[in-house]
Amino acid sequence: MLPDSPIELTIERLGQLGEGVASYEGRTVFVPGAFPGDRVRVRLEQEGKVMRGHLVGEVLAPSPDRKPSPCAISARCGGCDWLELNESAQRAAKQEIVLSALEHLGHLKRDSFAVRPLLVAPWDFGYRRRAVLHPLKDELTYFGRRSHDRVPVEVCPALMPALAELPGKLGPLLKPLSREAEEVHLLAEGKKAAFAVMLKGQVAPRYVEACEAAVRALRLEGAVLVPKEGSPRLIGKPVLRSLSPLVPEVPLFLRPDAFSQAHGEANVGLVTAAVHELAPRETDSVLELYSGNGNFTFPLAASAASVLGVESSSVSVDLAQRSAREGRVTNVRFVQGDSRKVCEGLIREGKRFDLALVDPPRTGAPGLAKWLTALGVKRVVYVACDPGALARDAAALAQAGYAPRALQVVDMFPQTHHVESVMSFERAA
């Protein structure tokens, strides 16, 4: 039985989802909004198999790692959940969260592979070049902490300067389509910005007119209207030109309705780490799964004999192919399709690859070890945005004979619990 009245707890560490973790009568309690060293008063609730402690009032005795939040809505907004934790404590926690997941979920001892020093993002604030917001009448909102409550935002200091004031300015201009819009995606590259509206139904003329007016009024590059079914409608020039990490002679194209890494500068470190760990040679053939717009593809192609990129998003494949054409890169090929189905097809054809780079979504890549084994891959680098998915897939790779070699944690998302990891594995000859 849980106590009816609030109890006091001391937070011991941070969990994988960014919550404070404490103990109560031998059981683990997750406390959102609390940090290691905090003394808190909480109301205990059982949520399925998980026990949570909900803060009652102010923190009784704050951790020495706490700092004032620089954002006026951070107490309600679900975006930056570690804004009140100092940066050095954030970085230490991220490294430990990844290592702990590998140890406890993946059953890989942390001394069985090299652990690189954490790569620190060059900007702790004002770095995000993309964001997802939710329309509500004439406002754009973020979801609240651990809820779908809407938190209106006028200015977001987590965003790059080109985007920071855009939520407050764009919201009223998109009011004519707010009821039919599920999400609004913002994207910036340097001083240029664009947006996309993900619709519940089809594109209507009044939606096009509203977006055209917004692009003109705010001097944006362009917009994309994405219907539930069918082709997107482009307004202006929503494709933003960037440069491929490590190979600036190759352009990299971004679009607000396609995935791109949120921290442009930290992305260079991420790509550098992945290429370093994979170490392609001029005779190597590389299989790249979940290749996106070519973020890793072209740096890999600069050293390898060939790269085959597999990506399910037609928009991302189009952007990557444009990069290859304009950058005159001839040793890459892209296939649009589900990674599992494409790999099974490659296996049936008897294809073989020397190396593989995998950058799956948050759900991971179930079946990866089986595919890579059948394709003859000797070394694989796994880029992970979720420690749990990394741990599960790492365990499967290890069981298939791919020994873990090195882990590089990258602080891509300062002020949040989100973390990126690069891990390499090698199969004995």
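Note that these values count all heavy atoms, side chains included, but never hydrogens, waters or copies made by symmetry. Nothing here was measured: the structure is a model prediction, and the numbers come from that model.
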So, the side chain of [X] versus the backbone of [Y]: is there a donor-acceptor pair under 3.5 Å, distance only?
| X | Y | result |
| --- | --- | --- |
| His104 | Ser100 | yes |
| Ser74 | Cys71 | yes |
| Arg130 | His185 | no |
| Ser316 | Gly292 | no |
| Gln415 | Asp124 | yes |
| Ser306 | Asn331 | no |
| Asp138 | Lys175 | no |
| Tyr127 | Glu265 | no |
| Arg129 | Glu189 | no |
| Arg150 | Pro135 | yes |

Minimum heavy-atom distance between [X] and [Y], given as atom pair plus value:
| X | Y | result |
| --- | --- | --- |
| Leu163 | Arg128 | CD1-O, 4.0 Å |
| Ala101 | Pro387 | CB-O, 3.8 Å |
| Ile347 | Ala374 | CD1-CB, 3.6 Å |

Before accepting this row, confirm whether a basic side-chain N of the pair [X]/[Y] lies closer than 4.0 Å to the acidic partner's carboxylate O.
| X | Y | result |
| --- | --- | --- |
| Glu326 | Arg241 | yes |
| Asp38 | Arg66 | yes |
| Glu87 | Arg91 | no |
| Arg13 | Glu96 | no |
| Asp284 | Lys378 | no |
| Glu182 | Lys228 | yes |

- Given the rule in the side-chain contact (heavy atoms from CB on, under 4.5 Å) test, do Glu311 and Leu319 qualify, once you have shown the distances and angles that lead to the verdict? CA-CA 11 Å; Glu311 169 57 43; Leu319 295 174; over 6 Å; no
Does any part of the side chain of [Y], heavy atoms only, come nearer than 4.5 Å to the side chain of [X], both counted from C-beta?
| X | Y | value |
| --- | --- | --- |
| Tyr142 | Arg76 | no |
| Gln408 | Leu119 | yes |
| Asp318 | Arg255 | no |
| Leu243 | Phe298 | no |
| Leu187 | Ser260 | yes |
| Leu397 | Leu372 | yes |
| Phe195 | Cys211 | yes |
| Leu220 | Leu166 | yes |

- Steps toward side-chain contact (heavy atoms from CB on, under 4.5 Å) verdict (Thr373, Arg427): CA-CA 9 Å; Thr373 301; Arg427 189 177 177 86; 3.8 Å; yes
Flag if over 12 foreign heavy atoms under 6.0 Å of [atom1], [X]:
| X | atom1 | value |
| --- | --- | --- |
| Lys200 | NZ | yes |
| Arg110 | CZ | yes |
| Glu349 | CD | yes |
| Glu47 | CD | yes |

- Apply the test side-chain contact (heavy atoms from CB on, under 4.5 Å) to residues Cys77 and Val153: give CA-CA distance (whole Å), side-chain angles for both, the deciding distance (0.1 Å), then the verdict. CA-CA 9 Å; Cys77 177; Val153 55; over 6 Å; no
Between [atom1] on residue [X] and [atom2] on residue [Y], distance to nearest 0.5 Å:
| X | Y | atom1 | atom2 | result |
| --- | --- | --- | --- | --- |
| Met423 | Leu390 | CE | CG | 6.0 Å |
| Gln90 | Lys67 | CD | NZ | 6.5 Å |
| Ser339 | Leu368 | OG | CG | 9.0 Å |
| Ser244 | Leu252 | OG | CG | 4.5 Å |
| Glu180 | Leu225 | CD | CG | 12.0 Å |
| Asp338 | Ser312 | CG | OG | 7.0 Å |

- Would you sort out whether Gln16 and Asp386 count as a side-chain contact (heavy atoms from CB on, under 4.5 Å), showing the intermediate values? CA-CA 9 Å; Gln16 187 180 318; Asp386 181 81; 3.9 Å; yes
- For the residue pair Phe413 and His418, does the interplanar ring angle fall in the parallel (under 30°), tilted (30 to 60°) or perpendicular (over 60°) class? perpendicular
